[in-house]
Amino acid sequence: MRERDRKSIEIDKMLPQFTTMNVIEGQAGLVNYSSLIFYSLTLNNILNIIVLLILAGITINTLSSDNGAIINASKAKFRTEIRDIEEKIELEEINHNNGEDFQFGSLKDLIGREDAYNEILYMEDGKLVYIEDKVSEKQAEWLEEMDIQAKQNIIPIYTGEQFKKIGTGEEITIEEAGGEIYQFNIDSHYVLQNDINLNCSEENQWMPIGTLSNPFKGILDGKNYKIKGIYMDGGEHKALFNYNSGKIQNVVLDDGYINATNYIAGIVAINNANAEIINCINQVEIHATYITGGIVGRNYGLVENCENRAYLELSSNSGGICGDNRNIIRRCFNSSEILLIDWGIGGIAGTNFGTVEECYNLGNILAPTSYARYSKGGIVGSNYGTITRCYNLATVTGNTSNWNIGGIAGSNEQNGIIGFSYNAGEVIGYNTVGGIAGNTPGTIRHCYTIDTNAMAGSGTENLENCLQLSEKQMKNQENIKLEDGSTTTFLALLNKEEEYFMEDTENKNNEYPVLKQNS
């Protein structure tokens, strides 16, 4: 055997000693391996290794580069050990946690691990995560490649009493999470772990979270668990949250009562710019007078994929989802009855200065008193912004003194635009009543109403490519003949510029077209 080959074999035998030698990265690692190597090898041995490397034509740079042998071996060993930990966690969940995922805890708590990995890995909200200041940059990179993310410092919420502490800044011990201590700041990340009950009453009413000067700036993920027992009677700025500048998602507000005056909602009274309310449901009855919504009172941010399922008794500038919209409401719907007291009421928003898109209303809008006046719509009461790809299937009812009643908008104002929307609900009122809009100084294009309604009560000169259609045509059971002699379908008309609607194949919509994301 040649001398060079013999020395290469000797080097191969020694390489496993370096596989976790993180010191070559120039980073701090799990263990100070440089110290271990120093004590396990004499100076003479180290010199011999360097000589062998040189004789073999291998440089330290080659071994320690990102693609070098030592780094690759270290990475492989690290990944193998992490996968072994994941398997042990999974087995422990199966054998000792009734098959349920662990939510929070250290490796010591969960699988009795006492080594250095217990210091860098943690189970947070059902996911294995790493603690950033305990790993090197290289280890963080490897963990991310394995889809293991950095710890977010999520605060678990198990009880109504814990929920009440959100934003207080207090340090709270969460016994359900192994006795961990969390600081409940206004910008923290909170996650519900089960249904909770706030246990509010007339004597112990709910205090909304966040103020004008100190709004909620964190994240609340309700995970679609129910928040029960809210109670508020009297005053203004009443909701689960008062001012929101963060992100509130997957919250179901259930089993409560709200009766107040201005800026009232189930979830958020005022949603600030850049704030988000995503995938939330209101199931709490609300009685209020001004700028009220099932989800949000006034919106300057984003409201998306939200639903109101509760009876609402509203007055002015109020709607099933939002009272007054100044930004974006997307993919939201109302499925409950709304009783009108005054003016500016809509199934989705009372007044709209922003954009309402891909929304629909299934709840009847009623105005039983002569006091209920004007601007009532299946989607929006008074529209100053844009309504696009929306529909109404419910009855919008005025009375003998009502005007500006519409299937989509009660009044589509001067700068208002309504496009690619349809109404199949009955629209009843005293004056300026239309299947799409009651009064429309603004633009309406590519909109359609069932032929028992006129297109608009006034401003018909502002309609572009709009049609009255029969029930069969709107259910795609009968073709539509156009002025040029050609025939088409209702779906083709709705999807003329972009495909957002589809056939109601599952009969969820009484055979009327549905929006794709709601199918």
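No side-chain heavy atom of Phe333 sits less than 4.5 Å from a side-chain heavy atom of Asn308. Side-chain contact between Ile267 and Ile248 is present, with heavy atoms from C-beta onward closer than 4.5 Å. In this structure the side chain of Trp206 reaches within 4.5 angstrom of the side chain of Cys200, judged on heavy atoms. A heavy-atom distance below 4.5 Å is not found between the side chains of Ile329 and Thr355. Contact check for Ser316 versus Thr289: no side-chain heavy atoms found under the 4.5 Å cut-off. Using a 4.5 Å heavy-atom cutoff, the side chains of Gln149 and Lys127 are not in contact. Using a 4.5 Å heavy-atom threshold, the side chains of Arg79 and Glu145 count as touching. For the pair Cys332/Asn305, no side-chain contact is recorded, criterion being any heavy-atom separation below 4.5 Å from C-beta on.
If you run side-chain contact (heavy atoms from CB on, under 4.5 Å) between Val380 and each of Ile408, Asn352, Ile345, Asn361, only Asn352 comes through. Exactly one of Asn299, Thr292, Thr351 qualifies for a side-chain hydrogen bond (donor to acceptor under 3.5 Å, both in side chains) with Asp324. That residue is Thr351.
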Could you pull out every donor-acceptor pair under 3.5 Å between side chains of residues 227-239 and any protein atom, sequence neighbours left out?
residue: Asp233; atom: OD1; partner: Asn259; partner atom: ND2; Å: 3.2
residue: Glu236; atom: OE1; partner: Asn262; partner atom: ND2; Å: 3.3
residue: His237; atom: ND1; partner: Asn242; partner atom: OD1; Å: 3.2

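At a threshold of 4.0 Å, the pair Asp84-Lys88 counts as salt-bridged, since one of the basic side-chain nitrogens sits closer than that to a carboxylate oxygen. Using a 4.0 Å cut-off between a side-chain N of Lys or Arg and a carboxylate O of Asp or Glu, Glu503 and Lys516 do not qualify as a salt bridge.
Residues meeting the salt bridge (charged side-chain N to carboxylate O under 4.0 Å, His left out) test with Lys247, sequence neighbours left out: none.
The backbone N or O of Tyr300 sits less than 3.5 Å from a side-chain atom of Asn327, completing a donor-acceptor pair. For Glu93 (side chain) and Phe102 (main-chain N/O), a donor-acceptor pair under 3.5 Å exists by modelled atom type.
Summarising the geometry of Lys226 relative to Asp195, their closest heavy-atom pair is N-OD1, 2.8 Å, with the distance given to 0.1 Å. Residue Ile82 comes nearest to Tyr117 through the heavy atom pair CD1-CE2, 3.7 Å, listed as atom of the first residue, atom of the second, then distance. In terms of heavy atoms, Lys151 sits closest to Asn153 at NZ-OD1, 3.2 Å. Listed here is the closest heavy atom pair of Cys322 and Asn325: SG-N, 3.7 Å. Tyr257 and His287 get closest at one heavy-atom pair: CE1-CD2, 3.9 Å.
The aromatic rings of Phe104 and Tyr182 lie perpendicular to each other, with more than 60° between the two planes, well past the 30° mark.
For the residue pair Tyr130 and Glu144, a side-chain donor N or O sits within less than 3.5 Å of a side-chain acceptor on the partner. With 3.5 Å as the limit, one finds a donor-acceptor pair spanning the side chains of Ser335 and Glu307. Judged by distance alone, the side chains of Gln249 and Asn279 never bring a donor and an acceptor atom under 3.5 Å apart. With 3.5 Å as the limit, one finds a donor-acceptor pair spanning the side chains of Asn271 and Asn244. Side-chain contact check for Glu176 and Gln103: no donor-acceptor pair (N or O, by modelled atom type) lies under 3.5 Å. Asn204 and Ser201 share no side-chain donor-acceptor pair at under 3.5 Å. When only modelled atom types and interatomic distance are considered, Asn272 and Ser245 share a side-chain donor-acceptor pair under 3.5 Å.
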Would you please test Lys75 and Glu141 for salt bridge (Lys or Arg N to Asp or Glu O under 4.0 Å) and show each step? CA-CA 10 Å; Lys75 178 178 180 179; Glu141 178 185 317; 5.7 Å; no

Exercise for the section: May I have the step-by-step check of salt bridge (Lys or Arg N to Asp or Glu O under 4.0 Å) for Lys165 and Glu161, ending in yes or no? Expected result: CA-CA 7 Å; Lys165 299 295 183 179; Glu161 292 306 309; over 6 Å; no

